[in-house]
Amino acid sequence: MLSSVIMLNYEIRPAEDADLQAITDIYNEAVIRGGASADLEPVSLDARRAWVDSHQPRGKYPVVVIEVTDAATGARTTAGFGSLSKFHQRAGYDGVTELSYYIAGEYHGQGLGTTMVRWLLDAAVERGFRHAATIIYADNAGSVALMRKFGFTRFGLLPAAVTTAGDDAPHDMSYWYKKL
């Protein structure tokens, strides 16, 4: 049996107001699926808008979307989003950024997570950050593999720290960093 590789044309660009519904839908899909967000219920469009707006100044803390183009029809679809966020409110941590990304389920396994993380790491270097950090469910095998692929080091584990939608059993949270 031959396996097929889907070649996607994509573009990563700054998120705009018109992207808020797609960002909300992709995030809520992850909430419902579980294992990628500590939110236990889907969030509102206004809540996601507040999250996007909290990334200030936007030149330092971007929120971006990854759009894919259907080669046959030319239709463009938002397949995921990512961001660089403040790691901590205290100014001494300004050289550290928190990286996050979400890819719509129908696009998992097609390299878009890798593409997004690469873009975010390049953006972090361009903005002069010394370290990138992320917090992920320790049993999220895809994200753990992606962090290892990019040379992140796990520096902490918070056992039984968080529950996920539809699952009352607590999950471990893993803390990762990469020196830039």
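The structure presented is a predicted model; accordingly, all values stated were derived computationally and were not measured.
For the atom pair Phe81 CZ and Thr24 OG1, the distance stands at 8.0 Å (nearest 0.5 Å). Expressed to the nearest 0.5 Å, how far CG of Asp25 lies from CZ of Arg48 amounts to 11.5 Å. Note that CH2 of Trp119 is 10.5 Å distant from CG of Leu99, once rounded to the nearest 0.5 Å. Phe129 contributes atom CZ, which lies 6.0 Å from atom CG of Leu84 (distance to the nearest 0.5 angstrom).
A donor-acceptor pair under 3.5 Å is absent between the side-chain atoms of Ser37 and the main chain of Val31, judged by distance alone. Judged by distance alone, the side chain of Thr77 and the main-chain N or O of Val68 form no donor-acceptor pair under 3.5 Å.
In this structure, His55 has its ring center no closer than 6.0 Å to that of Tyr61.
Relative orientation of the Tyr177 and Phe155 rings is perpendicular, given thresholds of 30° and 60° on the angle between their planes.
Using a 4.5 Å cut-off on side-chain heavy atoms (C-beta onward), Tyr27 and Asp39 make contact. Considering only heavy atoms from C-beta on, Glu67 stays 4.5 Å or farther from Ile12 through its side chain. Using a 4.5 Å heavy-atom threshold, the side chains of His131 and Leu180 count as separate. Side-chain atoms of Val52 and Leu20, non-hydrogen and from C-beta on, do get closer than 4.5 Å to each other.
Under 4.0 Å is where a charged nitrogen must lie from a carboxylate oxygen, and between Glu98 and Lys86 no such pair does.
No more than 12 heavy-atom neighbours from other residues, nucleotides or ligands sit within 6.0 angstrom of CZ on Arg148. Counting heavy-atom neighbours within 6.0 Å of Gln56 CD, excluding the residue itself, gives a total above 12.
If you check the side chains of Tyr137 and Ser174, you find no donor sitting under 3.5 Å from an acceptor. In this structure, a donor-acceptor pair under 3.5 Å is present between the side chains of Ser143 and Tyr101.
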